[in-house]
Amino acid sequence: MSAVLDHLPEFWEGLLVTLQLTAASFAGAAAVGLVITAMRVSPVGVLRAISTAYVETFQNLPLLVLLVLAVFGLPEIGIKAGLLTTAVVVIALYEAAYIAEALRSGVNAVSAGQGEAARALGLSFGQSLRHVVLPQALRTVIQPLGNVFIALTMNTSLAAAVGVVDLTAAANRVNLAEAQPIPIFVGAGLAYALIAACAGFVTGRLERRLGMVR
Amino acid sequence: MVSLKRVAAVAAVSMIGLSACSGTDSAAPAVPGEPKAGGLLADAPVAAAADILPGSTMEKIKKRGELIVGGSLDAPLLSQQNPVSGEVEGFDADMGKALAKYIIGEPKVKIVNSASETREALLANGTVDVVFQTYTITPERAEQVSFAGPYYSSGLSIAVKKDTTGITKPEDLNGKTVIAGANTPAIPAIKKAAPQAKIVTFGSDPECVQALKQDRGVAYVQDETLLVADAQKDPSIQVVGKPFTSDPYGIGLKHGDDQFKKFVNDWLTKTQSSGLWQRIWKNSLGTVVQGEAPAPPQIGSVPGS
């Protein structure tokens, strides 16, 4: 246990980086995912095609491949950002595909009559999406979105492979000095579990508050 | 049809990305070295039947007919799998084969790809018999595992891009961003020599070299032998100064197995006196380091061994 307790500052710094990665990339993923969903249900064929291609591309490539390509490949064509920034952008774009799919299933759950009624009232596509469809869609997908959040939290550990010193990288470094892998990685695992448990608790509360009874 | 077109477009995009990345890697020539472990070990010593004590670890290995080694598959010159032949080549790999020959009579090894997170556990639970993996002997580690050897002594050096000035010794790294291999002894060594340096780590040696060339850091700290090999492959980087640490590599064994430790140390003495150690060095590390094989370190000479 002392292997963990002696290195709490390192773990804490790593945990902060993991939280930054998680919060920033989830915010980015939510914004991009919302746009992609709007494109997927829009009446314009080109937008639907682009958004479908986006989702298929990012869902069918492993995140680690994307991270390595972005970190080592993009500088070759002159695009270079910091390691943390690169990781946030890549994870956000990747998870946006999953958020878009969750949101789309929510949109599909809203009955067609709702959209028709909105149109009959004279609302434009954007208005009906914003005021009628999405508020109902979001309520049905709180739990799936929570799952995406948890998966995203776990996926941030892949950033350790491209030089970001997150919780996983910090645990690796502590283990290098202490050679006590079991307590060190159990400690890091508990920290991840704690983040996931918090996310589960919040989504559970939100669902009870906002969930629709039909 | 739409989905077919989409798949084709996705494939095309990812191919472009992949070829852009691999293009830089494959430009470097393969690591030199003749994979002739068979000929190398033809006259390697074999233990007398009396040395294989009944009920001992060596007897268990001999009965199994295979030595299970914890090692790497991606460490150039030390333990790297040849993608063409499938053989694992290098100094650590050949030492493992020589030990297998000593116990079993045949250089039969199975390499279990282990990492610095897992090797103590792999030894403790008996998944592997020995670890040959640039395993630096430290008193902390010696509480978890037993070390035979040291069988090789190396040191960390600094590599920079060709036109870099102002970095000649580890203290110069203070306040700068330094690249190191993840899970290598370079990380604690940099922290000690230059506490104000910011360390970024990447998983493998080619990634670190790529990161250095792309200015992710001003210097790359790694085992001197590896850096010499890198600088030879890639003229845009150079090694500066002399090694600033001394890392004695040990053979990791299950903690407390003193019988096996003595047996392995006896074998090590024999390989060194018969000149086999020197030939294995010449065949691997000696292909990039100039001159004759260095004097092997004194067995049991460091704390923890």
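Per chain, numbering begins at 1; letters A, B, ... match sequence-line order.
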### Message
Please classify the contact between Asn172(A) and chain B as side chain, backbone, both or neither, with a heavy-atom cut-off of under 4.5 Å.
### Response
both
### Query
In terms of heavy-atom contacts, does NZ of Lys192(B) have more than 12 from other residues, nucleotides or ligands at under 6.0 Å?
no
### Query
Non-hydrogen atoms of chain A under 4.5 Å away: do they reach the side chain of Ile199(B), the backbone, both or neither?
both
#### Entry: Test log, rule side-chain contact (heavy atoms from CB on, under 4.5 Å), inputs Leu83(A) and Phe202(B)
CA-CA 11 Å; Leu83(A) 292 170; Phe202(B) 296 95; 4.1 Å; yes
### Contact origin within Ile184(A) toward chain B - heavy atom pairs under 4.5 Å
neither
### Task
Kindly determine whether Gln210(B) and Glu76(A) satisfy side-chain contact (heavy atoms from CB on, under 4.5 Å), including the steps that lead there.
CA-CA 10 Å; Gln210(B) 186 78 358; Glu76(A) 295 290 304; 3.3 Å; yes
### Query
Can you name the closest pair of heavy atoms from Pro181(A) and Glu120(B) and give their distance?
CD-OE1, 4.0 Å
### Message
Checking Gln180(A) against Glu143(B): is there a side-chain donor and acceptor pair closer than 3.5 Å?
### Response
no
### Task
Give a yes or no on whether Leu64(A) atom CG has more than 12 heavy-atom contacts from other residues, nucleotides or ligands under 6.0 Å away.
yes
### Task
Identify which of Arg141(B), Gln144(B), Arg119(B) forms the greatest number of heavy-atom pairs closer than 4.5 Å to chain A.
Gln144(B)
### Query
Are any of the side-chain heavy atoms of Arg216(B) and Val71(A) separated by less than 4.5 Å?
yes
### Message
Looking at every heavy atom in both Thr201(B) and Arg173(A), which two are closest together, and how far apart are they?
### Response
CG2-NH2, 3.2 Å
### Query
Quick one: what part of Gln214(B) sits under 4.5 Å from any heavy atom of chain A, side chain, backbone, both or neither?
both
### Query
Heavy-atom distance under 4.5 Å to chain A: side chain of Ala180(B), backbone, both or neither?
neither
